[in-house]
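Below you'll find the structure, written out as structure tokens, and then a few comments.
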Amino acid sequence: MIDTNKHNSHGIFPTTVTTKECSDTGMAMVLIALLIGWFTDVREYHLAAIILLVLNMVWARAYTYVAKGWLGFSTLLGTVMSKILLSLVFFVVVTPLALLRRMLGHDPMQLGKWKKDSTSVFESRDHTFTAEEIELPY
């Protein structure tokens with residue numbers, strides 16, 4: 001997880017990264033090289049993965065600039081994707097359900113009765129709570 005206090009005022013890219021973040025970024029680069037080598041059958045990517053792994057084990061701080069870019073990109077991607085996914089869920093799930101409930105005549109807020117006459121649509125609850133109801137509200 002990225003500490004948002006480390007970010008500069010100009011954007012999402014961190015100004016400093018820890019050695020652990022550099023090491024994690026190095027491992028991600030090794031994995032990417034291995035996957036590219038596996039899917040393309042180019043052996044040079046396997047050699048690059050070995051070199052990246054040794055560099056990560058010996059001097060993880062070599063990935064400082066890559067880590068800054070990688071962590072900034074992941075923050076940007078997380079921000080954008082969360083908005084896209086939440087919008088999709090709203091428009092694909094919530095909106096059709098609300099329209100279906102409205103078509104079936106469900107009116108939990110009693111909007112059909114609202115301001116039709118001088119009576120209130122609010123329900124009056126004259127109920128005295130017991131100690132047991134307060135201790136176990138659900």
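These numbers were taken from a predicted model, which means no experiment stands behind them.
- Partners of A62 under the side-chain contact (heavy atoms from CB on, under 4.5 Å) rule, at least two apart in sequence or in another chain, are L55, W59.
- Summarising the hydrophobic clusters (Ile, Leu, Val, Met, Phe, Trp, Tyr; side-chain heavy atoms under 4.5 Å, direct or chained), the residues clustered with L31 are L35, W38, F39.
- Take T40 and apply the side-chain contact (heavy atoms from CB on, under 4.5 Å) test, not counting sequence neighbours, and it matches I36, V42, Y45.
- Within a 6.0 Å sphere centred on CD of E133, other residues, nucleotides and ligands contribute more than 12 heavy atoms.
- No side-chain donor-acceptor contact under 3.5 Å links T25 to the backbone of V66.
- Cluster partners of L136: none. The rule joins Ile, Leu, Val, Met, Phe, Trp and Tyr whenever side-chain heavy atoms lie under 4.5 Å apart, and it links nothing here.
- One hydrophobic cluster holds both L77 and I84 under the rule that ILVMFWY side chains link at heavy-atom gaps under 4.5 Å.
- In this structure, the ring pair (Phe, Tyr, Trp, His ring centres under 6.0 Å) partners of F129, at least two apart in sequence or on a different chain, are H127.
- With sequence neighbours excluded, no residue forms a salt bridge (Lys or Arg N to Asp or Glu O under 4.0 Å) with K83.
- Listed by chain and number, the hydrophobic cluster partners of L99 come to none, as no ILVMFWY side chain reaches under 4.5 Å of it.
- The heavy-atom pair separating F73 from F13 by the smallest distance is N-CE2, 3.8 Å.
- Between L76 and V80, some side-chain heavy-atom pair lies under the 4.5 Å cut-off.
- Take P108 and apply the side-chain contact (heavy atoms from CB on, under 4.5 Å) test, not counting sequence neighbours, and it matches R101, H106.
- Residues in residues 56-69 take part in no salt bridge (Lys or Arg N to Asp or Glu O under 4.0 Å) pair, two or more places apart or across chains.
- Of all heavy-atom pairs between T16 and E21, the closest is O-OE1, 4.4 Å.
- For the atom pair S74 OG and I12 CD1, the distance stands at 8.0 Å (nearest 0.5 Å).
- Linking ILVMFWY side-chain heavy atoms closer than 4.5 Å, directly or via other members, places F91 and V94 in a single hydrophobic cluster.
- The CD1 atom of I134 sits 7.0 Å away from atom OG1 of T130, with the distance rounded to the nearest 0.5 Å.
- When each of V30, V58, L34 is paired with L53, the side chain to side chain contact (heavy atoms under 4.5 Å, CB included) condition holds for V30 and for no other.
- Distance CD1/I51 to CD/E44: 10.5 Å, rounded to 0.5 Å.
- Annotation: side-chain contact (heavy atoms from CB on, under 4.5 Å) contacts of N56 (sequence neighbours excluded): S23, M27, A60, Y63.
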